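Labels below follow one simple rule: chain letters A, B, ... track the order of the sequence lines, proteins then strands, and each chain is numbered from 1. These numbers come from a predicted model, not from an experiment.
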Amino acid sequence: MLSIRDLRAEVDGKEILRGISLDLAAGEVHAVMGPNGSGKSTLSYVLAGRDGYEVTGGSVTYEGRDLLAMEVEERAAAGIFLAFQYPVEIPGVSNLTFLKTAVNAVKKTRGEAELDALDFLKLARGKASTLEMSDALLQRAVNEGFSGGEKKRNEIFQMAMLEPRLAILDETDSGLDIDALKTVADGVNALRSPDRAMLVITHYQRLLDYIVPDRVHVLSGGRIVKSGDAGLARELEAQGYAGFVGEAASA
Amino acid sequence: MPTADIERFNRAFAAASAELPGHGNAEVARLREAAMARFASTGLPSRRDEGWRYTDLRRLDRLDPAGLTGRIDGETVAALPDALASLDAHRMVFVDGRYEAALSAHGALPAGARLDVLSAHLGNGCEDAASILGTGLAEWNGAGQEGLAALNTAMTRDGVLFELPAGARLEKPVLVLHLLTGKAGAVHPRNVLRIGPGAEADVVEAFIGLTGSGGWSNSVFDGAIGPGGALRHVALVRQGEDAVHTGRMSMEVERDARYAAQVLTLGGRVVRNEFVVRLSGPGAACGLSGGALADGRRHVDHTTEIAHAAPHTESEQVFRNVADDNARTVFQGRVVVERDAQKTNARQSGRSLLLSSGAEAQNKPELRIFADDVKCSHGATVGDLDKDALFYLRARGIDEAEARALLTRAFVADLLTLLPVEAARTAVEEAVDGWLRRAVDEDG
């Protein structure tokens with residue numbers, strides 16, 4: 001589904017990604033772990049197409065298409081979803097209006113029939129209730145005045161509504177207490193399916209107790225320095241990143 | 001202003017004075033001549049005048065100051081925005097400054113109330129000419145004399161006289177519709193309001209220029225709200241692409257009375273809307289809000305002056321301007337707190353949004369405080385659309401044009417929350433959404 005080859009990218013003239021290669025197949029969940037500054041968020045923004053992240057080399061192929069040539073909204077319509085580390089507050093736009101516009105924009109691009117107001121509301125309420133999101137939260141302006149946990153649940157709620165093919169979760173666990181973490185992880189696990197792939201980006205192993213990955217990649221200095229199965233995450237937790245970074249340096 | 005230009009206006013006045021409403025009434029003729037003399041002493045405002053630094057009326061130099069004449073036909077009616085045409089209201093319609101009974105729907109009013117054609121009160125034997133053409137507040141300007149309202153007094157043809165007796169309430173809003181169909185010339189609509197003690201009314205004014213119309217509309221909306229009364233007022237300005245619009249809304253607000261008003265400008269080449277409000281009795285309050293949605297090469301100026309002339313008075317101002325393409329918006333908000341106006345509370349917020357690199361915005365808040373026990377605040381910002389918010393919306397599949405429209409609408413959402421006349425909501429939202437769609441389509 002996703003094939004990243006020797007991807008290099010810079011921000012403000014500084015090279016952050018220094019040749020990343022990764023293959024993700026439908027049905028798989030891969031975790032990308034790494035210390036602060038290793039390039040985790042840069043990788044997620046490059047895949048989503050954010051301005052200011054300049055790709056200087058390599059390629060990204062998504063379902064046979066050149067992902068890097070696609071506009072931000074085209075990528076979303078093609079089924080890519082980024083759950084933001086820091087969801088943006090948008091005063092004056094209600095959560096429901098925002099989501100209805102998004103769901104119908106994506107449906108339109110895919111040539112599917114748009115949802116009318118009633119069908120949309122039914123669908124939204126159903127998905128919101130499994131994430132323990134109140135009606136009030138749906139009516140409020142997007143993320144405005146939401147707690148950290150509410151913002152993250154809102155991301156997973158959007159993901160459930162948009163039903164992406166490839167979900168990229170950027171530090172979705174940061175700032176969550178254990179109960180909120182379980183709710184979010186349950187929401188993510190409910191979306192695991194044979195035709196959906198997920199890239200879970202995290203600093204801590206904790207999240208991976210709840211969302212068990214098929215593969216774990218350790219990112220350091222803009223490169224993947226080690227890949228393994230779910231056991232690698234526990235190894236990392238026990239040893240800390242220092243050992244791996246050292247290993248990379250000597251490699 | 002060059003003498004030749006004053007002469008141009010003098011000639012137009014001389015040519016029209018024999019047929020302007022009330023020409024046979026000596027008192028009216030005297031008031032009009034005096035007003036023309038006041039106009040001649042100042043001429044049109046120029047950028048050298050304080051208060052006009054950001055707005056240039058030189059387009060009027062090429063304008064024939066004679067009356068605007070267009071043609072009323074089926075198209076005129078069809079061109080009305082649906083939500084305005086279907087608004088359940090006491091409707092008074094003027095086309096190129098003249099009353100059109102066929103398009104109006106007066107409806108029944110409470111006992112003692114009057115909603116009349118202004119010109120009917122200027123003829124021979126009518127005695128209230130002085131109060132209709134009197135220009136206490138309409139010509140008042142803290143920045144010095146200026147001639148636009150005086151020119152309106154001299155040249156006005158018509159408008160409405162709306163009076164509500166003590167304690168009266170209207171079920172439906174009054175809708176005063178000024179349609180412009182002509183391409184050249186000038187109109188000077190004048191609406192005069194007297195809201196009695198404890199009376200309450202909603203008034204919607206709309207200035208709509210039909211496609212291709214131009215010319216100049218120079219309007220006055222002048223009134224007073226008696227003790228404990230309330231007036232809620234919406235002015236929608238959507239003039240034609242080449243039109244100049246200058247409008248002055250002046251209101252005297254007496255003890256414990258309230259004036260809530262919103263002006264929205266969505267069309268016109270050069271537009272200047274002014275609010276002049278005097279809170280003259282203790283407990284008087286006003287809430288002014290306004291928005292300009294400007295694209296192309298339009299210039300929109302919203303200027304306010306609120307005088308707190310009595311203790312315990314309160315004012316709030318919320319202005320949101322959006323400039324796209326090479327448009328330019330101006331918000332100037334002046335609050336004057338007079339020496340005796342202790343315990344005054346005045347708040348002001350002016351924000352401008354620039355949608356393109358060629359657009360410009362000016363925000364100029366001004367406080368003049370002569371009392372010592374007051375609370376006054378103001379905030380002003382000029383900015384672009386939030387890039388993080390744009391990316392967030394696009395990352396959810398919303399294309400850039402739609403994301404920009406959504407965020408722009410959010411920027412003016414405060415105005416829709418503050419809309420004083422609930423009955424006008426559909427018309428206002430239709431107008432705002434129509435502008436956004438057009439702006440987005442042109443960019444897309």
Side-chain angles (χ1 to χ4, degrees), chain A residues 44-53 70-95 97-110 112 114 141-144 151 154-155 157-159 161-165 167-168 170, chain B residues 262 264 289 291 293 318-322 349-353 355-357 379 381 383-419 425-426 428-429 432-433 435-437 440-441 443-444:
Chain A
S44 70
Y45 284 142
V46 167
L47 294 177
R50 186 174 198 142
D51 279 349
Y53 292 78
M70 293 161 75
E71 291 289 342
V72 178
E73 54 267 33
E74 280 182 75
R75 299 181 195 198
I80 291 182
F81 181 92
L82 169 64
F84 282 58
Q85 182 181 4
Y86 302 110
V88 180
E89 297 192 8
I90 310 181
V93 179
S94 90
N95 223 356
T97 304
F98 157 59
L99 211 50
K100 181 161 180 273
T101 311
V103 167
N104 281 336
V106 167
K107 281 189 178 294
K108 198 172 154 190
T109 319
R110 292 177 187 165
E112 296 168 16
E114 295 182 21
V142 179
N143 294 325
E144 193 185 32
K151 283 182 181 170
N154 202 22
E155 293 295 292
F157 169 57
Q158 291 169 33
M159 180 165 110
M161 291 294 293
L162 289 165
E163 299 183 326
R165 302 258 298 132
I168 303 159
D170 187 7
Chain B
Q262 181 167 110
L264 282 163
S289 54
L293 297 177
V318 175
F319 283 78
R320 301 285 180 262
N321 289 339
V322 180
S349 153
R351 291 195 203 147
S352 303
L353 174 65
L355 293 179
S356 88
S357 57
T381 60
D384 306 330
L385 287 178
D386 181 349
K387 287 187 176 57
D388 291 340
L390 263 180
F391 174 64
Y392 192 70
L393 295 176
R394 293 179 69 201
R396 295 298 177 255
I398 300 170
D399 71 42
E400 186 168 6
E402 195 166 359
R404 291 172 71 86
L406 207 58
L407 293 176
T408 306
R409 198 181 195 288
F411 177 80
V412 297
D414 287 347
L415 299 178
L416 298 172
T417 309
L418 289 168
L419 187 71
R425 182 166 300 280
T426 312
V428 166
E429 289 187 348
V432 169
D433 289 339
W435 186 90
L436 287 171
R437 264 197 309 278
V440 165
D441 286 349
D443 291 344

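- Between chain B and the options E155(A), R75(A), K108(A), E74(A), the largest number of non-hydrogen pairs under 4.5 Å is found for E155(A).
- Between chain A and the options L393(B), L390(B), D386(B), heavy-atom pairs under 4.5 Å are most frequent for L393(B).
- Summarising the geometry of E402(B) relative to T101(A), their closest heavy-atom pair is OE2-CG2, 3.2 Å, with the distance given to 0.1 Å.
- The distance from the CG atom of L436(B) to the CG atom of L406(B) is 9.5 Å, given to the nearest 0.5 Å.
- When heavy atoms are compared at a cutoff of 4.5 Å, P164(A) does not approach chain B at all.
- Annotation: maximal heavy-atom pairing with chain A below 4.5 Å, among V412(B), L416(B), D399(B), D414(B), occurs at D399(B).
- Side-chain atoms of Y86(A) and D388(B) form no donor-acceptor pair, as typed in the model, at a separation below 3.5 Å.
- For R50(A), the parts lying under 4.5 angstrom from a heavy atom of chain B are both the backbone and the side chain.
- Neither the backbone nor the side chain of N104(A) comes within contact range of chain B; no heavy atoms are under 4.5 Å apart.
- In the displayed structure, D433(B) atom CG is contacted under 6.0 Å by more than 12 heavy atoms of other residues, nucleotides or ligands.
- Contact check for D51(A) versus F391(B): no side-chain heavy atoms found under the 4.5 Å cut-off.
- Distance check, rounded to the nearest 0.5 Å: CZ of F98(A) to CE of M161(A) gives 11.0 Å.
- Looking at E400(B), the atoms closer than 4.5 Å to chain A (heavy atoms on both sides) sit in the backbone and in the side chain alike.
- With a threshold of 4.5 angstrom between heavy atoms, V103(A) does not approach chain B through any atom at all.
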